[in-house]
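What follows is a short report on a single structure.
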Amino acid sequence: MRPVEIAKGIYSVGVRDWNIRDFHGYATDQGTTYNAFLIVDEKIALIDTVKNKKQFTQQLIDNIATIIDPKKIDLVVSNHTEMDHSGGLPHIMHYIGENKPIYCSKMGKKNLAKHFSRSWNYHAVKNGEELSLGKKTLAFLETRMIHWPDSMFTLAKEDGVLFSSDGFGQHYAGYELFDDQVSEKIMYEAKKYFANILMLYAPRIKKLIKGVTDLGLEIKMICPDHGIIWRKNPAKIINAYNAWCDQTPIRKALVVYDTMWESTERMAEAIADGLIDENVITKLMHVRTCHRSDVITEMLDTRAVLMGSPTLNNQMFPTLMDNITYIKGLKPINKIAAAFGSYGWSGEAVKFINKEFEAMKFEIVDSGIRVQYVPTPDDLKKCFQLGVKVGKLVKES
Amino acid sequence: MDKYVCVLCGYVYDPEAGDPDEGIEPGTKFEDIPEDWCCPVCGAGKEDFEIEE
Ligand SMILES: Cc1cc2nc3c(=O)[nH]c(=O)nc-3n(C[C@H](O)[C@H](O)[C@H](O)COP(=O)(O)O)c2cc1C
Ligand SMILES: [Fe+2]
Ligand SMILES: [Fe+2]
Ligand SMILES: [Zn+2]
């Protein structure tokens with residue numbers, strides 16, 4: 001990615017990772033970027049240092065070198081310890097001088113020390129602390145547990161440019177750099193990012209947004225560490241975050257299942273027919289075809305969750321449990337739910353799914369449907385009826 | 001003495017153990033910890049702690 005001056009004296013110097021498709025278990029169908037920013041003032045600051053891969057850290061240095069001699073960098077800001085943003089530190093610090101200061105949060109200092117053995121010159125900043133670069137001032141804003149203990153934002157005050165680390169990011173590598181250059185499909189990637197990384201911290205994010213709004217700061221541009229920069233309309237992504245934090249469901253039902261000999265699948269389809277009959281937005285997802293990171297994205301605004309599994313060795317099918325473990329951690333709210341599944345002789349799967357619904361505080365609206373072996377037309381009618389029943393409830397709420 | 005849990009990260013403050021790294025002696029009640037103390041795991045302030053059930 002060639003550097004671009006995004007505001008006077010502020011350059012985007014990060015890198016694109018076009019072909020990554022598995023980002024710590026998150027399906028990144030569009031690749032991603034590791035953004036980093038260079039601020040050239042009386043002092044020169046580098047914000048974040050891309051992923052710990054030689055090819056990227058070298059590219060970062062090469063990018064900076066097109067603007068200034070990288071050795072002239074006076075300080076580094078580390079907004080977040082995770083390796084996709086701090087991984088370049090060893091390479092960068094070696095290049096610019098190991099004694100140059102690294103500004104980070106208090107937890108950043110602790111956590112960086114647990115990732116890198118070198119004892120760098122850390123400056124742990126307090127929430128709201130400022131640092132003058134000459135004409136420009138950086139203000140640091142703690143965002144603990146959004147999404148790591150060390151996470152913080154940095155604001156270039158005079159320019160109104162917010163460096164928001166993972167916040168407002170999207171796993172998307174394209175030729176575009178700004179929101180006004182991409183199509184609406186970027187909102188799916190932003191939503192997917194929120195659902196997979198931030199959903200569990202929704203109450204804190206809501207508070208943070210309110211806190212920042214109340215401060216009355218003028219934010220003209222939001223620069224996340226992944227994907228495109230919000231410059232035309234930063235309010236758009238902030239409003240979207242507010243809505244996603246509330247998880248207000250739409251008229252939607254999600255049918256998530258696995259199947260061995262297609263019996264549970266036929267049940268899933270009959271349930272979907274019932275839902276569609278009620279004019280509810282319906283989505284069917286087979287969990288060995290659809291990635292869990294897409295399932296959770298659909299989960300964000302769905303009202304109803306129907307989960308189906310055959311019984312395998314007295315258990316539910318393991319891929320369902322994979323999805324449940326993932327969903328449980330991300331803490332979706334406002335869901336109604338029902339389970340279904342085909343079985344041969346013991347049929348425990350539905351019972352176990354219901355138990356998980358309870359653990360996730362989903363409201364169980366039907367005890368569920370179990371069918372022995374292959375569903376009869378009568379069984380499928382019952383499934384259809386379950387779809388209708390849940391569909392009506394979705395419309396009521 | 002009540003244990004307190006950090007609602008952000010799940011760390012549990014156990015008064016019996018205190019937080020010696022931050023100078024909180026074993027046997028210190030949560031209420032008696034200085035207000036500027038924060039969660040040793042995630043940095044949350046005292047206001048982000050709740051009594052553990
Ligand atoms: C999205 C995400 C969520 C995480 N959640 C937790 C968590 O809840 N508790 C925790 O102790 N660590 C959490 N971690 C931190 C990882 O466990 C930590 O980075 C670990 O060193 C990764 O080990 P690995 O290199 O074997 O993957 C999380 C990391 C990521 C990327
Ligand atoms: Fe991160
Ligand atoms: Fe990241
Ligand atoms: Zn904590």
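Convention: sequence-line order gives letters A, B, ...; per-chain numbering from 1.
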Can you tell me how far apart CG (D48(B)) and CE (M145(A)) are? Round to the nearest 0.5 Å.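 Answer for the CG-CE pair, D48(B) versus M145(A), is 11.0 Å.
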
Salt bridge (Lys or Arg N to Asp or Glu O under 4.0 Å) contacts in which one or both residues fall within residues 326-336 of chain A, not counting sequence neighbours: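 Non-adjacent pairs meeting salt bridge (Lys or Arg N to Asp or Glu O under 4.0 Å): K328(A)-E356(A).
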
If you count every heavy atom of other residues, nucleotides or ligands that lies below 6.0 Å from K3(B) atom NZ, does the total exceed 12?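 Not buried by this count: 12 neighbours or fewer within 6.0 Å.
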
Flag yes if more than 12 heavy atoms outside K100(A) fall under 6.0 Å of its NZ atom; otherwise flag no.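 Yes, the 6.0 Å shell around NZ holds more than 12 heavy atoms from other groups.
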
Show the nearest heavy-atom pair for residues [X] and [Y], with the distance to one decimal.
X       : Y       : value
M107(A) : P40(B)  : CE-O, 3.8 Å
C38(B)  : K106(A) : SG-NZ, 2.8 Å
C42(B)  : P149(A) : CA-CB, 3.5 Å

Identify the residues of residues 5-20 of chain B whose heavy atoms come closer than 4.5 Å to a heavy atom of chain A, ordered by number, or report 'none'.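 Near chain A, by residue number: L8(B), C9(B).
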
